[in-house]
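FYI, side chains are in, hydrogens and waters are out, and symmetry mates aren't considered; it's all heavy atoms of this structure. All residue numbers in this chain count up from 1 along the given sequence.
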Amino acid sequence: MSTKSTPGIDESDAIDHPSRSDGFVRGLSGLIGGPLGDHAVSRDRQRGGRFWNAVRVVLALTCLTLVLHWVQKSPCQDGAWADNEQYTRFCYTDVLALYYAERLNEGAVPYRDHPVEYPVLTGYFMGALGLPVHGVGEGNPEINQGQWFYNLNALVLGALALATVMVLLSLRRRRPWDAALFALSPALLLTATVNWDFLAIGLAALGLLVWARTRDGRSGLILAALSGVLIGLGGAAKMWPLFILGPILVLAIRANRVWAAVVPIITAAVTVVLVNLPAAIPYRENWNRFFELNTERPIDWGTLWYIARYLDGKFGDPAAIGPFQWLDANIPTLNYLSYALFGLACLAIGALGLLAPRRPRLAQLAFLVVAAFLVFSKVWSQQFVLWLLPLLVLARPKWGAFIAWQIAEVGYFVAFYGQLLGSATSTPVIPEGVFVLAASLRLGTVVALCVLVVREILHPEQDAVRRNYADDPDGGLLDGTPDAPWLDRFRQRREAPAAVTPTPVPTS
């Protein structure tokens, strides 16, 4: 059954109102008179609708948040970071710092003239914006090239953030207020332009949207291929969008439509290869810097491994090397262990996707996979929170746990800058235990969100999205399809009562 035209459900009646459906918002609405009533809805319909509908409000809120983010970063825009201003005012951004570190201010072409620590599409993006700024700056020495570069990046990344929220609104036409979670996110306010993550996020979101529009037939195959291209482009900017292909494959297997997943997987793989070739073939050593750096990096701040290493030193024998301290000195083993744990988590998520009582939604599995990657990774940068943000909006649009997670992220953001300042001045600003506590709360809230998503997969009647959609609005040509026959036979075997051996009746 297609969710685009669900029998018996009027599209206007299906619009979700959080003050009615979300327990947390319903409780807060008591401060302003309680949940929205039916009379208010009907009066609004009689007027033919207001200009400030849900979509426009969410878009306006997103723009406001991005403007506030730009204001928050403005003390750092001139690049004159005196007295560690970039840390004391919480305005550090890689975008400005790397304009000089990657020698874009000298006209260096990424990969050709300088190794780049990011995947190729991010490197291309840096060059595409940085080299024109350098060209203008050469003819106009009075301009601040770094400031121009940052503001140009902020404009493009802000447009990608707006594209992302428009995708969320398009995917949730019956639940437009879900996108307000994204628009009002403190994580968006604090980290939108810390790095180039919105390049990958925007491409991945567009890939999900195109996948959601796929249907049977030739046009469906074309859209499936296009979705793979977009996800592949996202993966060429930051690797994580490629993880979305795993859940698509699992759900396609469950729906007995493996071919549907093969198309985007192949086009994504081809896209990644083609995007990498122009840098990988002629400038292999500079291109390989990203892989070398990720292989050689030790335990980074705020990760599961960092927390465990701290506990080693706090509660272990001071004269002995704890297991996580040992891992920090044996990076190849750390890498293998991190990859193995992530792989096991993916297998568990795959099993959940195949064996859950009802086929999970794509966003639920995608959120779990990306969250598992962050939980077990040895690197968890402050802006990586943005990876999870749109996926959680699609997977579990409930305000209570979302706000708890965002509070933990803000706490970690503040503690992280305290660590940065302490490292820069060689004088501790906050106790190490406070930073570890902030990192633990961030880790704990992400794990808690995963538990809540798994619970709703196992109990789909608790899934808020399914109250407005018959199946999976992100499922594309898998939406509304029945499970594969082998899964039905598997369930029947599991549910069949065990054969009972009759008790012999004694004879006289």
Any idea which heavy atoms bring [X] and [Y] closest together, and the distance?
X    : Y    : result
W211 : G475 : NE1-O, 3.3 Å
L169 : A179 : CD2-CB, 3.8 Å
Y150 : K73  : OH-CB, 3.4 Å

Less than 4.5 Å apart, any side-chain heavy atom of [X] and any of [Y]?
X    : Y    : result
L388 : V370 : yes
S381 : V194 : no
L168 : D178 : no
L394 : L362 : no
F198 : T193 : no
Q382 : N195 : no
V434 : P431 : yes
H69  : L190 : no

Discussion item. Working note: N140 + I143, criterion side-chain contact (heavy atoms from CB on, under 4.5 Å); need CA distance, chi angles, decisive distance, verdict.
Written reply: CA-CA 6 Å; N140 300 273; I143 73 170; 4.0 Å; yes
Discussion item. According to salt bridge (charged side-chain N to carboxylate O under 4.0 Å, His left out), does anything in residues 328-340 pair up with another residue at least two apart or in another chain? List the pairs.
Written reply: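 Applying salt bridge (charged side-chain N to carboxylate O under 4.0 Å, His left out) to every pair that reaches into residues 328-340, excluding sequence neighbours, yields R309-D328.
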Take atom [atom1] of [X] as the centre, draw a 6.0 Å sphere, and report whether it contains more than 12 heavy atoms from other residues, nucleotides or ligands.
X    : atom1 : answer
M166 : CE    : no
E285 : CD    : no
D83  : CG    : no
W305 : CH2   : yes
R103 : CZ    : yes
Y100 : OH    : yes

Worksheet item: Ion pair present between D474 and R172, side-chain N to carboxylate O less than 4.0 angstrom?
Response: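 Between R172 and D474 there is a salt bridge, with a charged N closer than 4.0 Å to a carboxylate O.
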Worksheet item: Between K398 and E456, does at least one N-O distance fall below 4.0 Å, as a salt bridge requires?
Response: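 A salt bridge links K398 with E456.
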Item to complete: Output, in order, the C-alpha distance, side-chain angles, deciding distance and verdict of side-chain contact (heavy atoms from CB on, under 4.5 Å) for L66 and L188.
Response: CA-CA 7 Å; L66 291 171; L188 178 65; 4.1 Å; yes
Fill in: Stepwise side-chain contact (heavy atoms from CB on, under 4.5 Å) test for L441 and Y412
CA-CA 8 Å; L441 290 175; Y412 179 78; over 6 Å; no
Fill in: Among V116, N286, T122, side chain to side chain contact (heavy atoms under 4.5 Å, CB included) partner for P110
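Answer to the side chain to side chain contact (heavy atoms under 4.5 Å, CB included) test with P110 among V116, N286, T122: V116.
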Worksheet item: Yes or no on side-chain contact (heavy atoms from CB on, under 4.5 Å) for L443 and V375, after CA distance, side-chain angles and deciding distance?
Response: CA-CA 7 Å; L443 174 66; V375 166; 3.9 Å; yes
Worksheet item: Does the ring of F367 carry R396 above it, NZ/CZ under 6.0 angstrom from centre and within 45° of its axis?
Response: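 No, R396 does not sit over the ring of F367.
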Worksheet item: Honestly, is R112 close enough over Y283, meaning NZ or CZ under 6.0 Å from the six-membered ring centre and within 45° of the axis?
Response: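 Not flagged: R112 not positioned over aromatic ring of Y283.
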Item to complete: Output the distance between atom OH (Y111) and atom CG (D113), rounded to the nearest 0.5 Å.
Response: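 Interatomic distance, Y111 OH to D113 CG, rounded to 0.5 Å: 13.0 Å.
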Practice prompt. Before giving the answer on side-chain hydrogen bond (donor to acceptor under 3.5 Å, both in side chains), spell out for W380 and D300 the whole-Å C-alpha distance, their side-chain angles and the decisive distance to 0.1 Å.
Written response: CA-CA 7 Å; W380 192 343; D300 203 7; over 6 Å; no
Below 6.0 angstrom between ring centroids: does that apply to [X] and [Y]?
X    : Y    : answer
Y417 : F90  : yes
F435 : Y306 : yes
W81  : Y87  : no

Practice prompt. Sequence neighbours left out, what passes ring-ring contact (aromatic ring centres under 6.0 Å, His included) with F373? Give chain and number order.
Written response: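 Once residues adjacent in sequence are excluded, the partners of F373 under the ring-ring contact (aromatic ring centres under 6.0 Å, His included) criterion are F243, F342.
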Worksheet entry | Exercise: do N276 and W287 side chains pair donor with acceptor under 3.5 Å |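 Their side chains do contain a donor-acceptor pair, which is all the 3.5 Å distance test asks for.
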Item to complete: Begin with the C-alpha distance, continue with both residues' side-chain angles, and end with the deciding distance and a verdict on ring-ring contact (aromatic ring centres under 6.0 Å, His included) for Y118 and F290.
Response: CA-CA 5 Å; Y118 296 107; F290 165 72; 7.9 Å; no
